[in-house]
Every structure is written in C-alpha cells, then in structure tokens.
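Note that the structure is predicted; figures quoted are calculated from it, not measured.
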There are 2 protein chains.
Amino acid sequence: MSYDNVALAEPGVGRGRVAVRRHARPKVAVDTVLFAIDQARVKAYLVCLRWGPSAGKWAFPGGLVRDGEMLDEAARRELRESTGLEDCYLEQLCSFGDPNRDPKAHVVSVAYLALIDRTCAVHSCSPKYSNGQWFEVGHLPELAYDHAEIAAYAVRRLKSKLEYTNIACNLLPPSFTFAQLEELYGIVLGRVLDRRNFRRRILAMNLLKRLPLERRGNHRPAALYAFRQRSLQVIEML
Amino acid sequence: MSYDNVALAEPGVGRGRVAVRRHARPKVAVDTVLFAIDQARVKAYLVCLRWGPSAGKWAFPGGLVRDGEMLDEAARRELRESTGLEDCYLEQLCSFGDPNRDPKAHVVSVAYLALIDRTCAVHSCSPKYSNGQWFEVGHLPELAYDHAEIAAYAVRRLKSKLEYTNIACNLLPPSFTFAQLEELYGIVLGRVLDRRNFRRRILAMNLLKRLPLERRGNHRPAALYAFRQRSLQVIEML
DNA sequence: CCAAAAGTGTTGAGTATACACCCATGA
DNA sequence: TCATGGGTGTATACTCAACACTTTTGG
C-alpha cells in the first residue's frame, strides 16, 4: 500500500493539489455505545454535547484518537473520561465514514460496543459534556451526527451475540440466578422465553457453573450461578 | 463528542503538547481483500509494494482515504486503480488501528471484503505496485503490515456469511448449475457436502430461481439457476 | 451401450417446543 | 397456610443427516 506515496501515485491528482490536501485528511474518532440493563429495560448512556454545531444534542461518548494510540485504548480512555468506568467489556462494531456525518470536519468514527452490569457504575461526566444520562433504548432522544445509525447497529449486535456467545456475563453481576439470566435474555431479545427450555438450552451450552450458594429472599431460595469464563466465548452451532 | 475541542478538554494534556499533536493525528486508510474462486481454490488478490519500508512485500490493495471521500468510495477507488474492477460486491470488515501496524506512520485501516466471480476480471495494476497476483488462501506469502490478520478475518467472514446469506451470488456467474453452487460451498467451507441435502437446504432458503435454460455438455444437461436478488439477503433462522 | 454427471426420496436420530405440577421459603 | 417465585419431566413435531439408485446425454 505504501501509504506515504499514495497521493503521488494516484493518477489524475496533480502535485499542487496534493500539497494542499496533506493537511486535510480525515480524522479518526471512536464512539462508544454503552449498554446496561436497568429496571427491566436496555439502556444506553448518552452525553449532551457542550460545544460545536451540535451543542445541546445527545450523542454517545467519544472523541478523536490520539497519535500512537490503539483504537480500543482510545475508546476506553474516552469512556473513562465520560463515565469514570475503569474497565468494562468493549468490542469494535463498525466504522462510519460519511464525510458529512460531522458538519464541521471529515471524521471517520470507529464505533464500539461497551457493556456493564449496572447503570450506577457510571459516575463522573467529563467537562466536555454538559450532561450524561441513561436512556431507554427504543426511546432515545434525537442524536447528533449519525449516532442513531450507530445505536441501531449496536442493538442488533447485542441481540445477535446474546444468542451464540457468553456475552451476557457482562450485563450481570458475578453471581446470579437463572431467573435473572432469563429476564436479561427476555429483555434484550424482546420476547418471553419458556423457563424450562431456556434453562435446558443454557445448561447445554455449558457456560455456567453452579455456585455453592443461594440467594435467599422472601421466597424459596434460588441457586446462584456464575459464568465459567468471563472472556468472550463463542458457541459452535454446527 | 465535539471533536474539535476534545484536545482542550482532555485532562492532563497541556496546551503546548496539543499544538504539536494537531498535525500528528492518525491517518485513515482502506485495505481490500478481494476473493475469487479459481481452479477449485479460494484465491485472494495481492499486490507487491513498490515503495516504503515494506517495499517488496505483498499486501492487499489499499491506500489513504481522501478528504471528503466515503470509506467505501475509497475502497472502490483503490480497488479500481489496482485491479481495473469497476464494480463488485464490497462490504466493510473491521478497522485495524495498532499504531505500529505501519512502521512509518500511525495509520488506521478500515478493512473491506470484495468478491468477484472470476479471477480474469482483474486487469491493470496501478504503478503504485510492482506486481499484482492471485494467491491461494492458505498459501499466502508473507504479508506486509498486519495484513495476515486481515486475511484471516476476511476468510472467517466469508465462511460464515456463506451459511446465512446469498453472498455466494457474487462468486458465481449470473447463471450456474447446482453442481457449481455446491462446489463453491464445498471449496469455501472446506468440506464435502451431500448433494441431496445441499440441494434441499438451498431450495428451502428460496434464494434461487430456476432458469428455462440448461447447460449442455458431454453428459446429461444440467438445469441453470440464478439468484433471485443479487443484493445481500440474510436468511432468518429462528 | 458405456461413461459421466444430473437428479431424486425415505428413514432414523436427535433436537426443539409446548406444556403443568410440585417445592421451599417467609410472612 | 398461603402467596410467591424456584425448580423439574415428558410427549410430540420438526429438522437434519445419512444413504443408493435411476435418468439423461454424448461419444
């Protein structure tokens, strides 16, 4: 590819033009869709932009990638600055590069999906933003840039990964009951699941280990489970 | 996100440093993995780099995205310049952003997957490259940058999409026999398929229409089929 | 009439779904 | 003892995989 010589090598592009262009290359940003389950709803964390032409609009936290920085490092850094989260599940979604997606400049955004197990884990909000808040997915406010598209993509990805990976472990506390797990699946997939069949299916995947503990409450105690691995595990379904 | 103010808003980064950084932002490139089936093998098109520290190494065709250019436009342009292809299936894979992936500069690459139905559709080779050639996937030469990783990702994506979309239509001529289709699946998936079961499965997906034509040859004539749609169609498997 | 590839059905195993009752606990 | 949620088994429909012979054509 020889990136450095590309402009010279491109047929039909004069040298004079190249010189001008050198400093008008697209920038790279990351934007992170952070999801958590709260009150039986999938929620996404949005920040309210303080500056620029989109000031006052809501968006996913993000920002420019620094020179020498890995993409996911950038995503983690922006997320930390906007939410105080030190560590969470993070996965790249897709890149969005419409030159008009940001009215001010050509910014290519690499979108990320992040998951945490409780909304209250989010504390601080960067001075970059005037506000930060959880919104129910499906009732998001009007979003800046092309973030509505990013949101739709993230929801689709979450749903599909729930079906063939152990990704759910990032939306639940370290130990949980089957009822909690089933509720999570029901909420995200948007349909009720048969308790017996659900339990069988999940156990067949062998993702869980039963803990020698029970959750005690007002009623019959419920066995607690944990995921065997917290790292992403894909279920083969040949 | 307010991209423009991000540097100022970042805590712990002094203003002096920011000024220096402004012109050292990562660049954006696209790299395209072009596949075709040839002689019962999956092949990928590689170009040999002429300039830069990786000169002499093979890589997927690609280059920097221009200001104001859509990502897929950039991928198509680079592909056109390197292969002469005017139009083909193109889909975004993933972005690769390791700052050390290119020894010369921090370049974030958005990888693309491209498919054509015959290797001989590739003609020209940009003066940017010293050579261009088809290689059997699985016997690729040593690749520049992180292109080996990109190659692995592209192969995985192709295999999985073959199973639940009509993507195969981009690897076949407009009309084809069931034997050709079955051969294609066998080659890409790397295993032999039962002819009767394969036919049943494919017909159940309802992706094909039977043409009122036959391919005549030395033996019994074979019915010709075509895909109903050439646009990407995802099969729901609830 | 022979070789070569095209085309076609059935059976059995395993998997997924639908469904209802008993259990353990705290109040 | 009752209300509440936790936990389990079975019968059936369906899907998927395995498998072999007949047909059509050109030479």
Side-chain angles (χ1 to χ4, degrees), chain A residues 37 39-40 159-160 162-165 168 172-187 189-227 234-238, chain B residues 37 39-40 159-160 162-165 168 172-173 175-227 234-238:
Chain A
I37 306 293
Q39 299 184 317
K159 282 189 187 180
S160 76
L162 210 54
E163 309 226 38
Y164 68 94
T165 72
L172 286 172
S175 72
F176 50 86
T177 66
F178 246 103
Q180 286 176 275
L181 184 63
E182 188 191 330
E183 191 198 16
L184 166 64
Y185 272 78
I187 291 165
L189 300 179
R191 58 193 155 101
V192 240
L193 303 166
D194 181 88
R195 196 175 357 140
R196 295 152 288 188
N197 295 334
F198 177 77
R199 176 183 289 253
R200 217 193 340 265
R201 273 219 317 276
I202 297 288
L203 288 175
M205 293 182 190
N206 199 33
L207 297 175
L208 303 184
K209 55 171 180 253
R210 182 164 182 164
L211 301 177
L213 299 168
E214 292 184 328
R215 185 196 61 182
R216 306 189 71 85
N218 278 355
H219 306 293
R220 175 172 174 177
L224 286 171
Y225 290 82
F227 280 89
V234 175
I235 314 306
E236 291 301 333
M237 313 178 288
L238 291 184
Chain B
I37 306 294
Q39 299 184 318
K159 282 188 186 179
S160 76
L162 210 54
E163 310 227 39
Y164 68 95
T165 71
L172 286 173
S175 71
F176 50 87
T177 66
F178 245 102
Q180 285 176 276
L181 184 64
E182 188 191 330
E183 191 199 16
L184 166 64
Y185 272 77
I187 292 165
V188 176
L189 299 179
R191 57 192 154 102
V192 238
L193 302 166
D194 182 87
R195 194 172 1 138
R196 296 152 288 187
N197 294 336
F198 177 77
R199 176 184 291 253
R200 215 192 342 264
R201 274 220 314 279
I202 297 288
L203 288 176
M205 293 183 191
N206 200 32
L207 298 175
L208 304 183
K209 56 170 180 252
R210 181 163 185 167
L211 301 176
L213 299 167
E214 291 184 330
R215 185 194 62 181
R216 305 189 72 86
N218 277 355
H219 306 292
R220 175 172 174 176
L224 286 171
Y225 290 82
F227 281 89
V234 176
I235 314 306
E236 291 302 334
M237 315 179 286
L238 289 186

> Between A:Ala40 and A:Ile187, which heavy-atom pair has the shortest distance, and what is it?
Replying inline: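 The pair with the smallest heavy-atom distance is CA-CD1, 3.4 Å.
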Rounded to the nearest Å, what distance is computed from the [atom1] atom of residue [X] to the [atom2] atom of nucleotide [N]?
X	N	atom1	atom2	result
A:Arg196	C:dT15	CZ	C1'	17 Å
B:Arg201	D:dT15	CZ	P	14 Å
B:Tyr225	C:dA6	OH	P	12 Å
B:Glu214	D:dG26	CD	P	10 Å
A:Asn197	C:dT15	CG	C1'	11 Å
B:Asp194	C:dG9	CG	C1'	12 Å
A:Phe178	C:dC23	CZ	C1'	18 Å
A:Leu193	C:dA16	CG	P	14 Å

> Can you tell me how far CD of A:Glu183 sits from CG of A:Leu193, rounded to the nearest 0.5 angstrom?
Replying inline: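 Between atom CG of A:Leu193 and atom CD of A:Glu183 there are 11.0 Å.
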> In terms of the nearest nucleotide of DNA chain C, which residue is placed more toward the 5' end: A:Arg216 or B:Thr177?
Replying inline: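 This one resolves to B:Thr177.
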> Does any N or O donor sit under 3.5 Å from an N or O acceptor when you compare the side chain of A:Arg195 with the base of D:dG7?
Replying inline: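 Looking at the base of D:dG7, it does pair with a donor or acceptor on the side chain of A:Arg195 (distance under 3.5 Å).
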> Do A:Arg199 and D:dG7 share a donor-acceptor pair, side chain to base, under 3.5 Å?
Replying inline: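 Per atom types, no contact qualifies.
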> Given A:Phe176 and A:Leu208, is the side-chain contact (heavy atoms from CB on, under 4.5 Å) satisfied, shown in steps?
Replying inline: CA-CA 10 Å; A:Phe176 50 86; A:Leu208 303 184; 3.8 Å; yes
>> Need to verify one output field. Residue with the more 5' nearest nucleotide on DNA chain D, A:Leu224 or A:Arg200?
In response: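 So the residue in question is A:Leu224.
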Under 3.5 Å between N/O atoms: give me all the protein pairs with nucleotides 1-5 of chain C, atom names plus distance.
unit_1: C:dA4; atom_1: O4'; unit_2: B:His219; atom_2: ND1; d: 3.4
unit_1: C:dA4; atom_1: O3'; unit_2: B:His219; atom_2: NE2; d: 3.4

>> Test: salt bridge (Lys or Arg N to Asp or Glu O under 4.0 Å). Region: residues 197-210 of chain B. Which pairs qualify, not counting sequence neighbours?
In response: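 Listed by first then second residue: nothing to list.
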> What do the steps show when you test A:Phe178 against A:Leu203 for side-chain contact (heavy atoms from CB on, under 4.5 Å), and what is the final call?
Replying inline: CA-CA 10 Å; A:Phe178 246 103; A:Leu203 288 175; 3.9 Å; yes
>> Going by the rule side-chain contact (heavy atoms from CB on, under 4.5 Å), which residues pair with A:Ala168 if we only count those two or more places apart in sequence or in a different chain?
In response: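 side-chain contact (heavy atoms from CB on, under 4.5 Å) check on A:Ala168 returns A:Leu162, A:Leu181, A:Leu184, A:Tyr185, A:Phe227.
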> Can any side-chain N or O of B:Glu163 pair as donor or acceptor with the backbone N or O of B:Ser160 at less than 3.5 Å?
Replying inline: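 No, the answer is negative, given that no donor and acceptor are paired below the 3.5 Å cut-off.
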